[in-house]
Each structure stands twice: as structure tokens, then as C-alpha cells.
Amino acid sequence: MGKPSATVLLDWYDRHARRLPWRVPPGHRRKPDPYRIWLSEVMLQQTTVVTVGPYFKSFLDRWPTVADLAAADLDAVLHAWAGLGYYARARNLHKCAIAVAGAHGGIFPDTEDGLRALPGIGPYTAAAIAAIAFDRPATVVDGNVERVMARLFAVEESLPSAKPNLHQLAAGLTPQSRPGDYAQAVMDLGAIVCTPRAPKCLMCPWQGDCRAQSLDIAESLPRRAPKAERPLRQGVVFWTVRSDGAVLLRRRPERGLLGGMIEVPSSDWGARAPADMAQAPVTAQWRELPGQVSHGFTHFQLELKVLAARVRKNAKAEGIWIMPDALGDHALPTLTKKIVRHALAHV
DNA sequence: AAAACGTGGTC
DNA sequence: TGACCAAGTTT
């Protein structure tokens, strides 16, 4: 079985490359803007191309350069990021913009090590920016590349322990010529042809070099260690409506889950919802709304009952009073939006 | 080093 | 419909 050829893959890429908002088409003379490459790569961390599209365009429209983004309020960035998830990315994005616009004079580092030192840029993103924006022969390894390598070389060891091996196999194929296009080509191959389920091996430019295909085990690779089960957590949220119509929300702490985002005040989330009103933001006549709000996080499933009450115009409470019409002006993550929708529909 | 960290789409 | 997964990083 021959070694998979970068040239063969690049030929395939020249014909099949996806047209993406942040991508310079293959063979194009224009150089990619490192700011756009960085912005897209951070947004694409654990997030699909389809989801990222509109966010990328609105960020670029609003903050065309890294200096513009650095000058923005963190609140505005979190608001614009709302719905994308993994909100630490938005805080690190802002930190990184400030670092680049400040200490680096508005110029992104052009080496993996230099990039790796910036907030929110890990091994994958540093390699991707070095390759795509600066055409350096960095080895770019994301989930697609891991899958492609596991199949090409029929790696039976399971993830995540196989990561170092897969990285080394990927490094052995990385070319000196057109490394940026090559990196995107392997990822496109994984997204279009070498898909997790039902890979289209007959369309693959590397089919003659793929051990997994010759063994007819492509779809079963890469193997993965069983993932931990997601426990169920429960709680109650307090939908507090003031006599002028404003509702009570609050900002979550900067660190941790949904850090810095706006939430509806709630009890702790535990194995069971608390039975008393001890954690209510105000003393009031609480009434339970029908149904509940369910939301899945990466590491637990959440179920929330909604309690509602009306309070006087001069009621004192920790938080932010917001008119329902103005909710769009704030950084509401999807969980908060679900609760708001549920409360508005049932109160 | 293992766990924390969101969300939406797919089959 | 529930499990799986997506251009990972941080602590």
C-alpha cells in the first residue's frame, strides 16, 4: 500500500474545495487575512461550519479589524457571541484581540509558538493559523484529520489515547508545498468524503492507499473510549415580573458555566430541585408554571421548573430589571432564551 | 490528566 | 428520540 500523496489530495481540493466565507479559494493570488483566519478558527472550535457562517459575517461586519475588536466592550462581544456556546472562547477572543492590537502592534504572530502563547489558541488553532494564514508547513490535526489518519493507517487504538500516534502519522504526510491548502484539504476530505458515518470511499482520492477501506472497517474507525454518562440535574428558576412589566435577570460570574452571560435567577442545580423558596431573589407569592424547561449541556442534562410571581414597582432585588421587549439587547445564552420563551408563553 | 465547557443538526 | 458529533482549550 503506497503512501498517501499530498499532491493527489491537493488536486482533489482544487476541484472540490468548499466555498467558505473565511476561505481564499485555492490557486487564488490574494493572501488570507490572519485576523479572519483566526476569527473563523476560534468560532469553528467544536462548532459546525453551518452554525459559524452567520456569526462570522456579523463579527466581521461589526469589527473589520483586530483593532476594532480590541476596542469593543466585552459585553458587546459576549452579546454577539450569544448562541454559539463555549463562552470562554468569546472572553479569550477579546483578550487575544487586545494582546495582538497592543503588544503585537496589530500584527498576528506568524509562528506556531508565537500563536500558541495567545489566549484561546491551542495546538490545533496555532497550527491552522500558521498553515492557512502564513503558509507554514504546520501539522494541523482536528477531529477530521484524526478520523482520516485512523482510517488511512487502520489505527485500532481508541481515542483519546491514540492522539499522539495520529498526530505523528499526520505529520508524516504534511507537504512543504501549499501547506495551507493541504491542511484545509484534509479537513474538507473528512467533512465531505471521509465522514464519521457512511464514508464515501468510492469518491476518495486516497482510496487506493487506505488500509481501513481495504479491510472494510473504515466506518468503525476511529474507535472511541466510552464517554461518561450525563447526570440529570434539577432546579427551579424564578420569573419575577414587576408591576411595570420589567422582569428580573442577573449576570452569571465571569468564570465557569455560561460565564458572564445573562440568566434568569435560579436555585442551585442538584440531583433534586429544592422544595423550599429559600433561594428566591425576592419574597413573593410564587406560582408554578405548567411544564418545565429541559436543556442539555456537555456534561449534564438540566431540568428546570419555572416559578412566577408579580412584585411591586419598588421591589428590591439583586439583578437587572429588563423590559421583555429589550431582552434582545443583552447576552442571552440559549438556556436563558428557552426559559424566557417558556415563561412568556405560560405566565 | 481528566473534567469542564454549549449548542444545534443528524439519523 | 436519544445518542453521537462538530476546524478544541483550559485548568
Side-chain angles (χ1 to χ4, degrees), chain A residues 17-18 20-23 36-56 78 81-93 95-96 115-133 138-148 159-161 163-164 167 170 180 182-192 194-198 219-220 222-233 252-261 263 269 294-302 331-338:
Chain A
R18 291 181 290 176
L20 304 174
W22 45 86
R23 180 177 280 178
R36 298 184 192 207
I37 302 304
W38 163 72
L39 179 62
S40 66
E41 289 301 341
V42 173
M43 287 183 167
L44 286 162
Q45 290 166 5
Q46 296 288 283
T47 308
T48 58
V49 161
V50 176
T51 302
V52 165
Y55 284 87
F56 176 78
L78 287 174
W81 195 275
L84 254 193
Y86 287 139
Y87 297 99
R89 290 186 295 171
R91 297 191 296 278
N92 285 144
L93 188 85
K95 265 191 225 165
C96 183
L115 289 160
R116 182 74 183 74
L118 291 164
I121 299 184
Y124 161 77
T125 305
I129 298 173
I132 298 169
T139 299
V140 178
V141 183
D142 73 333
N144 288 303
V145 179
E146 287 178 342
R147 184 171 60 254
V148 171
L159 287 170
S161 60
K163 278 174 181 285
H167 189 284
Y182 173 80
Q184 295 174 92
V186 189
M187 293 192 281
D188 271 16
L189 186 72
I192 298 168
C194 197
T195 47
R197 281 167 308 189
E219 190 162 13
S220 72
R223 297 203 208 292
R224 291 178 189 280
K227 51 198 60 167
E229 69 212 68
R230 291 191 318 174
L232 175 64
R233 292 196 201 168
R252 291 180 60 85
E254 279 300 314
R255 306 184 61 103
L257 187 71
L258 305 176
M261 306 298 283
E263 69 173 353
W269 304 337
S294 184
H295 189 74
F297 289 101
T298 310
H299 51 297
F300 64 94
Q301 180 70 30
L302 180 64
L332 307 194
T334 298
L335 170 61
T336 304
K337 286 181 179 160
K338 281 187 187 175

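Reminder, nothing fancy here: chain letters follow the sequence lines and each chain counts from 1.
With sequence neighbours left out, the side chain to side chain contact (heavy atoms under 4.5 Å, CB included) criterion links A/Pro196 to A/Arg147. With sequence neighbours left out, A/Thr336 forms a side chain to side chain contact (heavy atoms under 4.5 Å, CB included) with A/Glu263, A/Val264, A/Leu332, A/Pro333, A/Val340. Annotation: side chain to side chain donor-acceptor pair (under 3.5 Å) contacts of A/Glu219 (sequence neighbours excluded): none. A search for side chain to side chain donor-acceptor pair (under 3.5 Å) contacts involving A/Arg223 returns A/Glu156, not counting sequence neighbours. Shown here are the side chain to side chain donor-acceptor pair (under 3.5 Å) partners of A/Arg18, two or more places apart in sequence or in another chain: A/Asp188. With sequence neighbours excluded, no residue forms a side chain to side chain donor-acceptor pair (under 3.5 Å) with A/Tyr55. Listed by chain and residue number, A/Glu41, A/Tyr124, A/Ile132, A/Val140 satisfy the side chain to side chain contact (heavy atoms under 4.5 Å, CB included) test with A/Ala128 (two or more places apart in sequence, or in another chain). Qualifying ring-ring contact (aromatic ring centres under 6.0 Å, His included) partners for A/His167, counting only residues two or more places apart in sequence or in other chains: none.
Atom P of B/dC11 sits at a distance of 15 Å from the matching atom of C/dA7, rounded to the whole Å. Across the P atoms, C/dT11 and B/dG6 are found 13 Å apart, a figure rounded to whole Å.
Whole-Å rounding puts the A/Leu332 CG to B/dT7 P distance at 11 Å. Straight-line distance from the CG atom of A/Leu257 to the P atom of B/dA4: 11 Å, rounded to whole Å. For the pair A/Gln45 CD and B/dT7 C1', the computed distance is 15 Å after rounding to whole Å. Rounded to a whole Å, the OH atom of A/Tyr86 is 7 Å from the P atom of B/dG6. Atom pair A/Leu302:CG and B/dT7:P shows a separation of 11 Å (rounding to whole Å applied). Atom P of nucleotide B/dA4 and atom CD of A/Glu254 are separated by 21 Å, given to the nearest angstrom. Regarding A/Gln301, its CD atom lies at a distance of 15 Å from the P atom of B/dG6, rounded to whole Å. Straight-line distance from the CZ atom of A/Arg255 to the P atom of B/dA4: 15 Å, rounded to whole Å.
Contacts with DNA chain C (heavy atom under 4.0 Å) in residues 223-232 of chain A: A/Arg224, A/Lys227, listed by number.
Residue A/Asp188 is the one, among A/Asp188 and A/Lys95, whose nearest nucleotide of DNA chain C lies closer to the 5' end (criterion: closest heavy atom).
Using a 4.0 Å heavy-atom distance criterion, A/Gly259 is classed as making no nucleic acid contact. Nucleic acid contact for A/Leu20: base, since at least one base atom lies under 4.0 Å from a heavy atom of the residue. Using a 4.0 Å heavy-atom distance criterion, A/Leu258 is classed as a sugar-phosphate-only contact. Note on A/Arg18: a base of the nucleic acid sits closer than 4.0 angstrom, heavy atoms only.
Contact between the side-chain N/O atoms of A/His299 and the OP1/OP2 oxygens of B/dA4 is not found at any separation under 4.0 Å.
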Side-chain polar contacts of residues 45-52 of chain A - donor-acceptor pairs under 3.5 angstrom, sequence neighbours left out - could you list them?
residue	atom	partner	partner atom	Å
A/Gln45	NE2	A/Gly120	O	3.3
A/Gln45	NE2	A/Thr125	OG1	3.0
A/Thr47	OG1	A/Met43	O	3.4
A/Thr47	OG1	A/Gln45	O	2.8
A/Thr47	OG1	A/Arg89	NH1	3.1
A/Thr47	OG1	A/Arg89	NH2	3.3
A/Thr48	OG1	A/Thr51	N	3.4
A/Thr48	OG1	A/Thr51	OG1	2.8

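Under the 3.5 Å distance criterion, the side-chain polar atoms of A/Ser40 are matched with a main-chain donor or acceptor of A/Ile37. With A/Trp38 contributing its side chain and A/Val42 its backbone, the two residues share no donor-acceptor pair below 3.5 Å.
Between the side chains of A/Arg23 and A/Gln184, at least one donor N or O lies within less than 3.5 Å of an accepting N or O.
Chain A approaches DNA chain C over the interval C/dC5 to C/dT11, counting the first and last nucleotide 5' to 3' with an atom under 4.0 Å from its heavy atoms.
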Can you give me the N/O atom pairs linking the protein to nucleotides 8-10 of chain B at distances under 3.5 Å, or say none if there are none?
residue	atom	partner	partner atom	Å
B/dG8	OP1	A/Thr334	OG1	3.3

